[in-house]
Amino acid sequence: MIHSLHVETKLVSEELCAVLRQVDPAVFVFRDEPEVRARVDRVVSRLRELVVAAERDDAGGALDRLRERLRALLAAVERATPTRTPSPKAAWIAFQREVQPAYESLLLTLRGVVAAPPSVRPTNHARSLWHVGSGLAVLGLVQLLPERTWLAAVSGAFAAVAWSLEIARRVSEPVNDRLMRLFRLVAHPHERYRVNSSTWYMTALFLLALFGTRLSQSLAVVVLAVADPAAAFIGRRFGRTRLRDGRSLEGTLAFFVAGALSSLLVMWALGPASLSSRLLLAGVAGLAGAATELFSTRLDDNFTIPVAVATAVTMAGAG
C-alpha cells in the first residue's frame, strides 16, 4: 500500500539522485559547489522532516523499514557533507562514495511501492578497465578453445560459481559484506542489493556458448567490453540530451560508434570476408547493442547486450 511518506520520500530521493550525479568526478566543477551545497541543505531539511513524520506516524510495522532507512540516509548525508575545504572535488567525491550505499538501500524500500528514481552509477575507472580487460580475455577464450563444448563447460562453471555466491550473500549478510569489500574497486554500491553484473555476464556467456556461433559470440563480447564503457564516459562527460533512465543521446551514439568500430576490428582480425558483409554486421552489432543498452532498465545490460548482439548478428547472417 502506498503511504504518503513513500511519495514524499520518492521526491527527496529524486533530489538526492541529482546531487549524486552532479558530484560525480567526471562532471563536478568548482563553480557548481554553491549549488550543490544548497541542494544538500534542502535534502537534509526534508529528510529531517520525513524522519520526524515517520516516527510520529502510527502505521504498525508497515513503515518500520522505511523509518530505519530514512534515519540511515540522513545520518550518512549529515556525516559526509564536507565543510569548507581546499580540495572540494575530492571532498564531494568522498560524499558520493559514503552516501550512495544508504541511497541505494532506501531505493530498495521504495521499489515496488512507488516509481523510485534510478540507481546512480558513479564514474569508476578501475571498473571500466576491468570491463575491457575481462571482455578481451573472454574474446581470447572464444577464439582459442577448440570447440563449443569447452566454452560451454568453462562459462557454465563460472556461472555456477557466480550464482552460488549470489545465494550465499543473500543468505548471509557477513558474506555479502566480505564480497563487497573484496570487489570494492570494481563493484557499484547498488550491487550490494542486486545480482552482481558479473553474474549476469557469466550467465549470458553460458547461453552464447550453447547457442551462438563463434563470430556472434566474439562480436557480442567485444561490443559489451568496449562500447559500454565508452558510452558511460561520453554520456557522463558530454551528455546533454536526455533520453530515458539517465541515458543520453550522446552516450548512445558513442555506444553505437564504439560497438561498430570494435566489431569491424574483430572481423578484420578473424579472417577474410567481404567489406559489405563486415560493414553490415558491424552496423547491426553496434545498433543492437546501443538500442538494448538504452532500454535495459529491468534486466542488467551485462546480460541483455551480449544476448541481443549475438542474436542480431546471427539473424543478419553471421556464420
Side-chain angles (χ1 to χ4, degrees), residues 124-148 150-152 154-155 158-159 186 197-235 247 251-296 299-319:
N124 186 333
H125 297 303
R127 184 185 177 96
S128 296
L129 290 173
W130 170 264
H131 207 284
V132 175
S134 60
L136 295 179
V138 171
L139 179 61
L141 283 176
V142 169
Q143 298 306 316
L144 294 175
L145 290 177
E147 56 187 37
R148 183 190 300 272
W150 281 92
L151 186 59
V154 172
S155 59
F158 276 108
V186 296
S197 293
S198 295
T199 302
W200 285 118
Y201 183 46
M202 295 301 171
T203 305
L205 292 179
F206 180 56
L207 292 177
L208 295 184
L210 291 176
F211 303 111
T213 64
R214 194 179 294 267
L215 178 57
S216 68
Q217 293 164 14
S218 300
L219 298 188
V221 167
V222 78
V223 166
L224 180 66
V226 176
D228 200 28
F233 177 80
I234 297 298
R247 268 84 165 185
T252 299
L253 290 175
F255 192 112
F256 170 73
V257 172
L261 290 177
S262 59
S263 296
L264 270 177
L265 183 61
V266 166
M267 285 186 286
W268 175 81
L270 290 181
S274 67
L275 179 60
S276 60
S277 175
R278 289 175 178 174
L279 290 174
L280 172 64
L281 294 180
V284 167
L287 183 60
T292 303
E293 195 267 347
L294 180 60
F295 289 98
S296 291
L299 281 176
D300 194 289
D301 59 14
N302 286 272
F303 175 83
T304 58
I305 289 172
V307 170
V309 170
T311 301
V313 297
T314 299
M315 293 176 63

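Throughout, residue positions are numbered sequentially from 1 according to the sequence presented.
- With respect to Tyr201, the side-chain contact (heavy atoms from CB on, under 4.5 Å) criterion is satisfied by exactly one of Ile305, Asp301, Val221: Val221.
- Scanning both residues, Ala209 and Ser155, for their nearest heavy atoms gives CB-OG, 3.7 Å.
- Thr304 and Ser296 share a side-chain donor-acceptor pair at under 3.5 Å.
- In plain terms, the two heavy atoms of Asn302 and Ala204 that are nearest each other are O-CB, 4.0 Å.
- Contacts classified as salt bridge (charged side-chain N to carboxylate O under 4.0 Å, His left out) and involving residues 272-293 (residues at least two apart or in different chains) are given here: Arg247-Glu293.
- Taking CG of Leu299 as the start and OG1 of Thr292 as the end, the distance is 11.0 Å to the nearest 0.5 Å.
- Taking every heavy atom of both residues into account, Ala225 and Val132 meet most closely at O-CG2, 3.3 Å.
- The shortest distance between side-chain heavy atoms of Leu215 and Leu270 falls below 4.5 Å.
- Summarising the geometry, atom NE2 belonging to His131 is positioned 11.5 Å from atom CG belonging to Leu129; distances are rounded to the nearest 0.5 Å.
- Residues passing the side chain to side chain contact (heavy atoms under 4.5 Å, CB included) test with Thr311 are Val307, Met315, sequence neighbours excluded.
- The minimum heavy-atom distance linking Ala282 with Ser263 is given by the pair CA-CB, 3.9 Å.
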Show the numbers, then the answer: is there a side-chain contact (heavy atoms from CB on, under 4.5 Å) between Val223 and Phe255? CA-CA 8 Å; Val223 166; Phe255 192 112; 3.7 Å; yes
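- To the nearest 0.5 Å, atom CG of residue Leu207 and atom OG1 of residue Thr203 are 7.0 Å apart.
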Could you give me the CA-CA distance, side-chain angles and deciding distance for Leu205 and Phe158, then say whether side-chain contact (heavy atoms from CB on, under 4.5 Å) is met? CA-CA 9 Å; Leu205 292 179; Phe158 276 108; over 6 Å; no
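- The minimum heavy-atom distance between Val313 and Ala285, with the atom names listed, is CG1-CB, 3.8 Å.
- With contacts defined as side-chain heavy-atom distances shorter than 4.5 Å, the pair Gln217/Leu139 does not qualify.
- A donor-acceptor pair is defined here as one N or O able to donate and one able to accept, closer than 3.5 Å; such a pair exists between the side chain of Ser216 and the backbone of Thr213.
- Nearest heavy atoms, Ser262 versus Gly259: OG-O, 3.1 Å.
- Side-chain atoms of Arg127 and Ser197, non-hydrogen and from C-beta on, do get closer than 4.5 Å to each other.
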Test log, rule side-chain contact (heavy atoms from CB on, under 4.5 Å), inputs Leu279 and Ser276: CA-CA 5 Å; Leu279 290 174; Ser276 60; 5.8 Å; no
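- In this structure, the separation between CG on Leu210 and CG on Leu151 is 9.0 Å, given to the nearest 0.5 Å.
- Side chain of Arg148 to main chain of Arg214: no donor-acceptor pair is present (N/O by atom type, distance under 3.5 Å, no hydrogens or angles).
- Legend: residues meeting ring pair (Phe, Tyr, Trp, His ring centres under 6.0 Å) with Phe206, ordered by chain and number and at least two apart, are absent.
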Go through it in stages, so that I can follow the logic: the residues are Ser218 and Gln143, the test is side-chain contact (heavy atoms from CB on, under 4.5 Å), and I'd like the CA-CA distance, side-chain angles, deciding distance and then a yes or no. CA-CA 8 Å; Ser218 300; Gln143 298 306 316; 2.5 Å; yes
